[in-house]
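Reminder, nothing fancy here: chain letters follow the sequence lines and each chain counts from 1.
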Amino acid sequence: ADKSARFEARVANEERIEPNDWMPAAYRKTLTRQISQHAHSEIVGMLPEGNWITRAPTLRRKAALLAKVQDECGHGLYLYAAAETLGTSREELVDQMLSGKAKYSSIFNYPTLTWADIGAIGWLVDGAAIMNQIPLCRCSYGPYARAMIRVCKEESFHQRQGYEIMVTLSHGTPEQKAMAQSALDRWWWQCLMMFGPPDGESQHSDQSTRWKIKRFSNDELRQKFVDATVPQSDYLGLKIPDADLKWNATTGHWDYGAIDWQEFQDVLAGNGPCNRDRLAARRKAHDDGAWVREAATAYAEKQRARRAAVAA
Amino acid sequence: ADKSARFEARVANEERIEPNDWMPAAYRKTLTRQISQHAHSEIVGMLPEGNWITRAPTLRRKAALLAKVQDECGHGLYLYAAAETLGTSREELVDQMLSGKAKYSSIFNYPTLTWADIGAIGWLVDGAAIMNQIPLCRCSYGPYARAMIRVCKEESFHQRQGYEIMVTLSHGTPEQKAMAQSALDRWWWQCLMMFGPPDGESQHSDQSTRWKIKRFSNDELRQKFVDATVPQSDYLGLKIPDADLKWNATTGHWDYGAIDWQEFQDVLAGNGPCNRDRLAARRKAHDDGAWVREAATAYAEKQRARRAAVAA
Amino acid sequence: MAAASISVTESSLVLYALRRADDALILGHRLSEWCGHAPMMEEDMALANMGLDLIGQARELYSYAAKVEDNGNDEDRYAYLRDVRQYRNLLLVEQPNGDFARTIVRQFFYSAFADAYWRAMMGSEDATLAAIAAKSEKESAYHIRHSSEWVIRLGDGTPESHRRAQDAVDDLWAFTGELFHTDDSDAGLIADRLVIDPESLRAGWTDTVTGILRTATLACPGKSWMQKGGRSGNHSEHLGHLLSELQSLQRSFPGATW
Amino acid sequence: MAAASISVTESSLVLYALRRADDALILGHRLSEWCGHAPMMEEDMALANMGLDLIGQARELYSYAAKVEDNGNDEDRYAYLRDVRQYRNLLLVEQPNGDFARTIVRQFFYSAFADAYWRAMMGSEDATLAAIAAKSEKESAYHIRHSSEWVIRLGDGTPESHRRAQDAVDDLWAFTGELFHTDDSDAGLIADRLVIDPESLRAGWTDTVTGILRTATLACPGKSWMQKGGRSGNHSEHLGHLLSELQSLQRSFPGATW
């Protein structure tokens with residue numbers, strides 16, 4: 001109880017909790033779930049964009065996209081490392097994802113149909129992710145906060161790249177502009193859902209807020225995203241697919257239409273267009289790679305034995 | 001000895017030998033080797049052309065190519081059936097091919113690089129095959145002779161189709177014409193080699209000729225092919241890649257340059273551009289299909305057992 | 001003529017013909033990918049046969065669409081010069097071949113529909129569609145027979161073949177709902193009796209499928225979430241790769257004749 | 001500008017730069033195919049890293065070729081608007097990824113050459129090539145180290161990994177002779193000391209390769225038949241499929257800017 005009070009006081013005082021510090025079991029569990037889910041999202045998130053690496057339309061775009069997807073893998077790696085500081089191994093966490101027990105962001109259960117989707121993902125998905133993640137740079141758990149600082153830096157670079165693709169397309173041929181509009185149409189509502197259920201229906205928010213894991217409500221962040229994105233969309237000359245979208249002079253915000261939360265629940269339940277494909281692709285990579293990981297382990301053990309023999 | 005004399009007399013008299021007739025062991029062995037090799041060639045020959053089915057440039061061409069490759073599979077099937085009448089099972093023959101023990105025509109160890117190669121294969125490879133096969137329609141072994149009649153009929157249809165592709169390309173854009181010329185350049189000499197080593201260096205010819213399996217020498221057939229093909233090439237406006245090619249008014253034939261028999265030997269020894277790929281593709285199909293064949297067998301056995309149980 | 005995509009004026013009838021043509025072409029293309037790689041030579045023959053039938057159906061339907069659209073398009077322009085968002089096929093038929101079980105189950109689900117569909121469409125008041133249906137019905141009767149026999153063999157074969165067949169059924173089931181989907185564009189055609197209402201085929205399809213699956217000792221997934229989107233160009237990621245292969249020559253040699 | 005192929009005036013120097021650029025692009029593209037599908041996340045990173053280095057090298061070499069050719073071409077026109085017969089890369093680099101062992105052995109054979117090659121090319125009398133070499137040499141040093149380590153791990157790992165690694169060595173060996181091939185077009189450049197004679201690297205390459213294979217307990221195939229043809233556009237059937245994917249957008253949207 002003493003420990004608990006001290007922990008709460010430190011958190012309230014904006015101190016960072018570090019791996020060896022005492023922490024409540026629920027805090028450890030919440031963070032392990034959140035960080036690993038975030039890591040899974042980075043790894044699964046490689047797939048929709050990876051789908052266009054081999055077809056990127058210029059060498060500059062090809063290199064940038066490959067580098068971006070590589071960055072996502074890197075994010076995954078250091079998020080797993082951050083999660084491991086809480087006592088669960090990466091292997092175990094990955095198994096939870098492969099078995100379908102652990103979730104990843106539902107946004108990656110939508111397909112990338114055209115090159116414009118790569119632009120839209122950078123612009124909108126990364127944009128929404130950054131909105132969610134910037135507050136996490138001040139998360140009470142030190143390793144997560146530090147990982148987020150690095151992630152956010154790279155994500156904003158990706159976001160600018162994605163937006164630049166959209167600029168090029170929307171100033172391009174009529175076909176390219178139509179491609180860009182179609183991508184915005186298909187990704188817009190899904191991005192609004194990335195901020196999670198409306199305030200009040202969110203399960204973990206209260207405690208997470210007290211623990212300084214969460215600093216803004218889902219709806220606050222969603223509004224920030226809409227406000228930031230509408231002028232960008234105007235600049236592109238693209239139309240956000242929401243008839244109810246309008247400027248509210250009273251609140252100083254953009255009002256937006258009703259979100260189809262049924263779709264959100266459906267995709268979460270495994271029924272998105274790509275849930276099966278995504279898990280199948282990750283499982284295949286894992287299964288096909290088993291012999292390689294075994295070989296690496298076997299070799300490392302042989303080397304250890306050889307060194308031991310020399311030392312003896 | 002009596003049987004042997006009667007067999008030789010029947011053959012000399014142009015009678016057909018049928019599966020249940022007595023025949024010398026060497027005759028059986030020679031025919032089994034030749035027919036199965038021919039069957040293997042049809043099956044492996046599906047691969048270079050199959051390589052373009054998914055990329056055929058019009059739906060009409062796509063359908064024609066798919067039908068053609070299917071015909072080749074059909075040829076393979078009834079050639080295996082003809083070989084089986086000599087006492088070796090298709091399974092055993094196929095295993096000999098997959099293990100590399102039995103040969104197939106070396107021509108299929110060259111790659112199909114462009115769509116024009118599909119035209120060139122039909123025109124030249126099928127053309128050469130027909131030259132080789134028409135005399136086999138009168139082969140002393142009945143099942144082989146009858147199979148050849150059907151094969152030749154379909155092959156000449158394929159040959160005309162291939163030539164028509166070449167006509168279209170050589171009357172097309174400069175790029176298409178260049179594509180057609182390149183295909184002719186790459187396939188010409190290989191087709192001349194399809195008739196086998198020069199007379200005198202051919203191993204099995206004498207006995208095969210006596211047994212009415214072979215009716216023309218390699219060089220005779222090769223000359224027929226050259227004589228038939230030169231005017232076709234002229235019509236296409238393409239240049240046969242042989243500086244020594246010229247009309248010989250004395251013989252009434254086209255003289256052609258020296259064939260690089262070293263290349264022939266190299267490819268036969270397994271060093272053609274595609275030997276490894278071809279065998280690997282056939283082995284993969286065989287291995288990947290093992291569980292399907294096992295399932296079919298298991299199901300057939302269950303059905304037999306069920307019928308037996310009902311009957312009992 | 002360039003290698004850029006064409007534009008299509010999708011009247012209800014044109015759209016209807018293109019949707020069915022795209023089904024047939026994409027499934028035919030998938031089957032043709034097996035050619036030379038099938039588990040036995042008899043299946044090289046059979047899969048090619050079905051592929052040829054389907055490509056033939058596609059050609060007739062495209063030609064009819066071209067005639068109705070009357071805008072200078074033809075079978076090859078539809079097939080080779082529309083991009084992924086202009087393709088209108090069912091999600092089911094664009095799913096990758098996978099192993100032989102998956103190819104067979106995909107064919108079975110599609111053919112169980114197509115066979116009844118073409119039979120019903122023989123009564124269309126559109127003479128061309130009725131004629132295409134009469135020809136296609138004969139072909140699809142073979143497709144459903146061949147694929148059913150294999151579903152039974154695989155389901156009731158070995159433990160491995162059973163597992164593979166059941167996986168295929170489970171994975172592809174979600175794409176079968178789209179077979180019965182209609183939209184506003186279809187409604188007028190149905191009212192005019194130019195085309196049938198696919199809903200009328202649902203009970204028969206379900207009977208066929210549950211019957212064969214039962215014989216095959218395979219579990220039928222029952223009511224569950226159904227994917228859709230192909231009819232309006234919202235495809236899976238698989239179709240784009242298929243098209244980059246299918247269209248590569250026409251896209252690389254603008255204006256050439258083949 | 002259409003989506004048709006460009007024509008290239010292949011002076012010796014342009015051809016030389018294109019050949020090396022094509023090597024780097026095609027191998028980089030192959031490596032990029034792994035992204036998201038590697039046996040472990042660390043290898044997703046490493047293969048992407050090498051792919052990025054190679055694509056970077058390709059871009060510099062293409063840009064140099066464009067400058068020398070001075071004919072309105074640029075890196076993207078070379079990469080996206082030449083057909084399979086215009087590509088000049090080694091057969092080795094276009095071979096499919098296969099399993100991880102095959103990808104690693106392909107990388108090892110190539111990098112064992114490239115590392116020594118770029119080091120030697122730093123002495124080129126062509127300032128641009130020397131500068132590209134200086135940058136590339138640093139990258140290839142990592143490639144040879146990384147791929148060697150894996151060859152050893154796989155060869156001396158488990159019986160399965162040993163078998164897979166040996167298969168890869170045996171199958172890819174025939175493509176290593178082309179690394180040292182030169183033709184008339186190269187001869188003048190070698191005489192002018194603009195480029196090195198690859199023959200001078202053969203002994204070193206053989207030492208590196210036999211040494212690593214020995215450590216990896218893998219058998220070195222020794223003298224045998226060597227394939228060639230890539231340098232003059234006579235490729236395997238694999239390259240065409242790769243290009244139909246790589247070039248699909250540029251071919252489908254003639255004249256667009258991306």
Side-chain angles (χ1 to χ4, degrees), chain A residues 44 46-57 100 108-118 120-121 169 172-187 189-190 241 262-281 283-284 287, chain C residues 2-8 81-92 94-99 102 105-106 164 167-178 221 223-248 251-252:
Chain A
V44 176
M46 296 171 74
L47 298 173
E49 293 181 277
N51 184 41
W52 282 90
I53 292 173
T54 54
R55 291 178 292 174
F108 300 121
N109 287 321
Y110 292 89
T112 49
L113 287 188
T114 72
W115 172 251
D117 293 34
I118 299 305
I121 287 182
L169 294 176
T173 66
E175 271 181 308
Q176 286 176 304
K177 185 158 183 177
M179 195 191 267
Q181 179 65 54
S182 155
L184 173 56
D185 292 346
R186 285 178 290 108
W187 291 94
W189 291 104
Q190 282 66 31
Q262 187 54 50
E263 173 170 347
F264 181 75
Q265 294 303 334
D266 288 337
V267 176
L268 209 61
N271 295 321
C274 301
N275 300 54
R276 273 177 189 265
D277 281 353
R278 298 295 181 234
L279 268 187
R283 282 182 193 144
K284 183 172 192 308
D287 294 347
Chain C
S5 296
I6 57 171
S7 69
V8 180
L81 299 175
R82 283 181 303 148
D83 75 16
V84 68
R85 287 174 40 245
Q86 295 176 294
Y87 259 80
R88 301 285 177 243
N89 57 279
L90 298 166
L91 297 173
L92 175 66
E94 74 196 38
Q95 298 306 304
N97 284 338
D99 62 11
R102 190 160 294 232
V105 169
R106 185 185 62 198
R164 288 174 182 266
D167 283 352
V169 167
D170 294 345
D171 281 351
L172 293 172
W173 187 253
F175 300 109
T176 59
E178 205 178 19
K223 259 205 160 18
S224 68
W225 179 266
M226 287 293 166
Q227 301 291 347
K228 65 171 198 268
R231 292 295 187 217
S232 49
N234 286 316
H235 293 279
S236 67
E237 288 171 358
H238 306 295
L239 185 61
H241 296 276
L242 184 156
L243 293 180
S244 75
E245 175 112 355
L246 187 149
Q247 300 182 335
S248 55
R251 297 289 194 175
S252 299

Looking only at heavy atoms, the pair that brings M179(A) and R85(C) closest together is CA-NH1, 4.0 Å
What part of N234(C) is in contact with chain A, defined as an atom under 4.5 angstrom from a non-hydrogen atom: side chain, backbone, both or neither? both
Min side-chain heavy-atom separation H241(C)-N51(A) under 4.5 Å: yes
Region of T112(A) that comes under 4.5 Å of a non-hydrogen atom in chain C: both
Sorted by first residue and then second, give each salt bridge (Lys or Arg N to Asp or Glu O under 4.0 Å) pair with at least one member in residues 230-247 of chain C; sequence neighbours left out. R278(A)-E237(C), D23(C)-R231(C)
Below 4.5 Å from any heavy atom of chain C, which atoms of D277(A) appear? Answer side chain, backbone, both or neither. side chain
Minimum heavy-atom distance between N271(A) and W225(C), given as atom pair plus value: O-NE1, 2.9 Å
Heaviest contributor of heavy-atom pairs below 4.5 Å to chain A, chosen from V84(C), D171(C), L239(C), is D171(C)
Indicate whether any N or O donor in one side chain lies under 3.5 Å from an N or O acceptor in the other, for S244(C) and R55(A). no
CD-OG distance between E175(A) and S7(C), expressed to the nearest 0.5 angstrom: 9.5 Å
Where on H238(C) is there a heavy atom nearer than 4.5 Å to chain A: the side chain, the backbone, both, or neither? side chain
How many angstroms lie between atom CG of L172(C) and atom CZ of R276(A), to the nearest 0.5 angstrom? 8.5 Å
Flag the one option from A178(A), P111(A), A280(A), G270(A) with the top tally of heavy-atom pairs under 4.5 Å to chain C. P111(A)
Has Q227(C) got a side-chain atom pairing as donor or acceptor with G272(A)'s backbone, closer than 3.5 angstrom? yes
How long is the span from the OH atom in Y87(C) to the CG atom in L113(A), to the nearest 0.5 Å? 15.0 Å
